[in-house]
Amino acid sequence: DVVMTQSPLSLPVTLGQPASISCTSSQSLVHSDGNTYLNWFQQRPGQSPRRLIYQVSNRDSGVPDRFSGSGSGTVFTLKISRVEAEDLGVYYCMQNTHWPPVTFGPGTKVDIK
Amino acid sequence: DVQLVESGGGLVQPGGSLRLSCEASGFTFSNYYMSWVRQAPGKGLEWVASINQDGSEKYYVDSVEGRFTISRDNAKNSLYLQMNSLRAEDTAVYYCARRTGLNYWGQGTLVTVSS
């Protein structure tokens, strides 16, 4: 199974400042079809998860452009250009290149410094 | 709009059974893989199972293989998870989600396994 790791696990932020979360996989996430199925999810307190980014860098519909994804192979990053109050919550990376199983990272909790 | 509405959660004793349902709307249900994902209290996300469009292919996380069965009824736009031989560690909020990319999620239904 592909193991996903994230750092940091806790990220105190200042509103209006940038933030960055790293995600690494235990093996390359490049699929035989050439795509890389690395996704990012946001879970606000008390809410269901919501996908933000798919295939490394594509924003889902309605996702603000302050969110961006990058990376390749086994190393990936989610960046928030200027953190807003509504961005607080837990962020998960997930791979569905080598499934089953689909695997998630442990989550990064973003809260106010 | 895509909507996924789960139901069927509740309190069940260890060794018991429960059947979860997920009613889909706002998209052509029969065209998509569907998945179940769970989240234990205060913990992270864990993929549980996925099923292909016609129900002929089913995939499970090892910890539920042989105990849980994913199924679907395309005529009713519904996804199901039959859970047998439940254990305390199955206690979680169970979400249904569209595709293995999980681009849409329901609100979840809580399953508590306790005596």
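To find a chain, count down the sequence lines: A is the first, B the second, and so on, and within it residues start at 1.
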Student: Donor-acceptor pair, distance only, cut-off 3.5 Å: does the side chain of T109(B) make one with the backbone of S7(B)?
Tutor: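 Judged by distance alone, no pair lies under 3.5 Å.
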Student: Answer whether the closest heavy-atom distance between the side chains of C93(A) and Q6(A) falls below 4.5 Å.
Tutor: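 They are in contact (side-chain heavy atoms under 4.5 Å apart), so the answer is yes.
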Student: To the closest 0.5 Å, what do you measure between CG (D33(A)) and NE2 (H31(A))?
Tutor: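 Answer for the CG-NE2 pair, D33(A) versus H31(A), is 5.0 Å.
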Student: Run the side-chain contact (heavy atoms from CB on, under 4.5 Å) check on S68(A) and K79(A) step by step: do they pass?
Tutor: CA-CA 5 Å; S68(A) 64; K79(A) 293 183 178 177; 3.7 Å; yes
Student: For S25(A) versus G73(A), what's the shortest heavy-atom pair and its separation?
Tutor: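 In terms of heavy atoms, the two residues are closest at OG-O, 3.9 Å.
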Student: Hydrophobic cluster mates of L88(A), side-chain heavy atoms under 4.5 angstrom, ILVMFWY only, any path?
Tutor: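 Members alongside L88(A): V2(A), M4(A), L11(A), V13(A), L15(A), I21(A), L29(A), L38(A), W40(A), L52(A), I53(A), V56(A), V63(A), F67(A), F76(A), L78(A), I80(A), V83(A), Y91(A), V110(A), I112(A).
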Student: Between R66(A) and E84(A), is a side-chain contact (heavy atoms from CB on, under 4.5 Å) present by the stated rule, with each step listed?
Tutor: CA-CA 10 Å; R66(A) 63 180 180 274; E84(A) 298 189 6; 3.5 Å; yes
Student: In terms of side-chain heavy atoms, does N39(A) have a donor or acceptor partner in Y37(A) at a distance below 3.5 Å?
Tutor: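 Absent: no donor and acceptor within the cut-off.
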Student: Mind checking which of residues 86-107 of chain B sit less than 4.5 Å from chain A, heavy atom to heavy atom?
Tutor: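 Residues Y95(B), T100(B), G101(B), L102(B), N103(B), W105(B), G106(B), Q107(B) are the ones that qualify, each having a heavy atom under 4.5 Å from chain A.
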Student: Heavy-atom count check: over 12 atoms from other residues, nucleotides or ligands less than 6.0 Å from R44(A) CZ?
Tutor: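 More than 12 heavy atoms, drawn from other residues, nucleotides or ligands, come within 6.0 Å of this atom.
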Student: Checking Q82(B) against N84(B): is there a side-chain donor and acceptor pair closer than 3.5 Å?
Tutor: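 The answer is yes; a qualifying pair exists.
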Student: Testing the basics here: between S20(A) and P8(A), what is the closest heavy-atom pair and its distance to 0.1 Å?
Tutor: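 Closest approach of S20(A) to P8(A), heavy atoms only: O-CD, 4.2 Å.
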Student: So which bits of residues 10-37 of chain B come within less than 4.5 Å of chain A, counting non-hydrogen atoms only?
Tutor: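 So the qualifying residues are Y33(B), V37(B).
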Student: Below 4.5 Å, heavy atoms only, C-beta onward: do V30(A) and T36(A) meet side chain to side chain?
Tutor: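 Yes. Closest side-chain heavy atoms under 4.5 Å.
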Student: Could you go step by step and tell me if H98(A) and Q27(A) meet the side-chain contact (heavy atoms from CB on, under 4.5 Å) rule?
Tutor: CA-CA 9 Å; H98(A) 304 293; Q27(A) 59 185 276; 3.6 Å; yes
Student: Between Y92(A) and chain B, which part of the residue has a heavy atom less than 4.5 Å away: side chain, backbone, both or neither?
Tutor: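 Just the side chain, heavy atoms under 4.5 Å.
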Student: Within residues 38-72 of chain B, which positions have a heavy-atom distance to chain A below 4.5 Å?
Tutor: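 At a heavy-atom separation under 4.5 Å, chain A is reached by Q39(B), K43(B), G44(B), L45(B), E46(B), W47(B), S50(B), Y59(B).
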Student: Membership question, hydrophobic clusters at under 4.5 Å side-chain separation (ILVMFWY): are F104(A) and L9(A) in the same one?
Tutor: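 Different hydrophobic clusters.
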Student: Side chain from CB out, backbone as N, CA, C, O: work out which of these in Q47(A) comes under 4.5 Å of a heavy atom of chain B, or both, or neither.
Tutor: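 It is the backbone, since no side chain atom gets that close.
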